[in-house]
Amino acid sequence: MEKHPKKVANAEKQRRYRQRQKELGNKQVRGYVTKEAMDCYNEIREKTNWTDNEVLSNALRITYAAYKCGQIKLLNEWLKDHKR
């Protein structure tokens, strides 16, 4: 069987991307995050005892609720004020 060059190229791009993220010190948690974001994630998990799925689900719910209530600006300001 012959390998498909396009599939090999895509796999190589993904490998290089993962390697660059590791070199930058980012950890993969449903995507690559910075050290600061990982600290916030760990703080949320410690305070709430939520699983990874619960953290993601509730974060989406909070963001959507803020959007529906016209409070995205308020949420962003709180995050900035608390250096998050």
Side-chain angles (χ1 to χ4, degrees):
M1 279 188 142
E2 213 173 291
K3 288 188 178 181
H4 297 286
K6 191 171 187 176
K7 288 182 182 178
V8 172
N10 285 340
E12 184 61 24
K13 284 181 190 176
Q14 291 173 4
R15 187 192 63 74
R16 287 193 310 262
Y17 174 77
R18 288 190 300 271
Q19 187 60 36
R20 277 195 313 270
Q21 293 303 315
K22 285 179 186 176
E23 289 169 1
L24 291 171
N26 296 341
K27 183 177 177 184
Q28 185 176 10
V29 181
R30 295 186 185 261
Y32 288 94
V33 297
T34 63
K35 183 185 179 326
E36 293 82 12
M38 196 65 212
D39 291 343
C40 289
Y41 171 79
N42 287 329
E43 183 180 343
I44 290 168
R45 291 202 50 191
E46 288 171 13
K47 288 183 177 182
T48 62
N49 292 320
W50 288 343
T51 65
D52 181 49
N53 286 335
E54 290 169 327
V55 170
L56 179 63
S57 178
N58 290 329
L60 291 171
R61 289 177 184 184
I62 290 166
T63 304
Y64 182 71
Y67 165 75
K68 289 301 276 184
C69 295
Q71 299 296 318
I72 287 290
K73 184 176 180 182
L74 181 66
L75 180 59
N76 284 334
E77 289 300 319
W78 185 92
L79 292 169
K80 285 179 190 173
D81 290 347
H82 292 83
K83 294 180 174 52
R84 302 294 180 168

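This one's a predicted model, so the numbers in the text were calculated from it and none came from an experiment.
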Pair Arg15 + Glu12: basic N to acidic O under 4.0 Å |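 Here Arg15 pairs with Glu12 in a salt bridge, since their nearest N and O are under 4.0 Å apart.
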Do the charged groups of Lys47 and Glu43 touch, with an N to O distance under 4.0 Å?
->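 Salt bridge between Lys47 and Glu43, a charged N being under 4.0 Å from a carboxylate O: yes.
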Chi angles and distances behind the side-chain contact (heavy atoms from CB on, under 4.5 Å) call for Met38, Asn42 | CA-CA 6 Å; Met38 196 65 212; Asn42 287 329; 3.7 Å; yes
Give the minimum heavy-atom separation between Tyr67 and Ile72, together with the two atoms involved.
->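 Distance-wise, the nearest heavy atoms are CA-CG1, 3.5 Å.
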Specify the closest pair of heavy atoms between Asn49 and Glu54, including all atoms of both residues, with the distance to one decimal.
->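 Heavy-atom minimum between the residues: O-OE1, 4.2 Å.
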Interatomic spacing from [atom1] in [X] to [atom2] in [Y] - rounded to 0.5 Å:
X: Asp39; Y: Ile44; atom1: CG; atom2: CD1; value: 11.0 Å
X: Glu77; Y: Leu79; atom1: CD; atom2: CG; value: 9.5 Å
X: Cys69; Y: Leu75; atom1: SG; atom2: CG; value: 11.5 Å
X: Tyr41; Y: Leu56; atom1: OH; atom2: CG; value: 9.0 Å

Those residues that, when tested against Tyr17, pass ring pair (Phe, Tyr, Trp, His ring centres under 6.0 Å) (two or more places apart) =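 Expected list: Tyr32.
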Partners of Trp78 by ring pair (Phe, Tyr, Trp, His ring centres under 6.0 Å), sequence neighbours excluded?
->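 Scan of Trp78 (ring pair (Phe, Tyr, Trp, His ring centres under 6.0 Å), adjacent residues dropped) gives His82.
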With distance as the sole test, does Gln21 use its side chain to make a donor-acceptor pair with the main-chain N or O of Arg18 at under 3.5 Å?
->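 No, because the side chain of Gln21 does not come within donor-acceptor range (under 3.5 Å) of the backbone of Arg18.
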Ignoring hydrogens and geometry, is there a side-chain-to-backbone donor-acceptor pair from Thr63 to Ala59 under 3.5 Å?
->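 Side chain of Thr63 to backbone of Ala59, a donor-acceptor pair under 3.5 Å: yes, one is there.
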With Arg16, which of Gln14, Gln19, Arg20 fulfils side chain to side chain contact (heavy atoms under 4.5 Å, CB included)?
->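 Option passing the side chain to side chain contact (heavy atoms under 4.5 Å, CB included) with Arg16: Arg20.
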Quick one: side chain to side chain donor-acceptor pair (under 3.5 Å) partners of Asn58, sequence neighbours excluded?
->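 For Asn58, no residue satisfies side chain to side chain donor-acceptor pair (under 3.5 Å) once neighbours in sequence are set aside.
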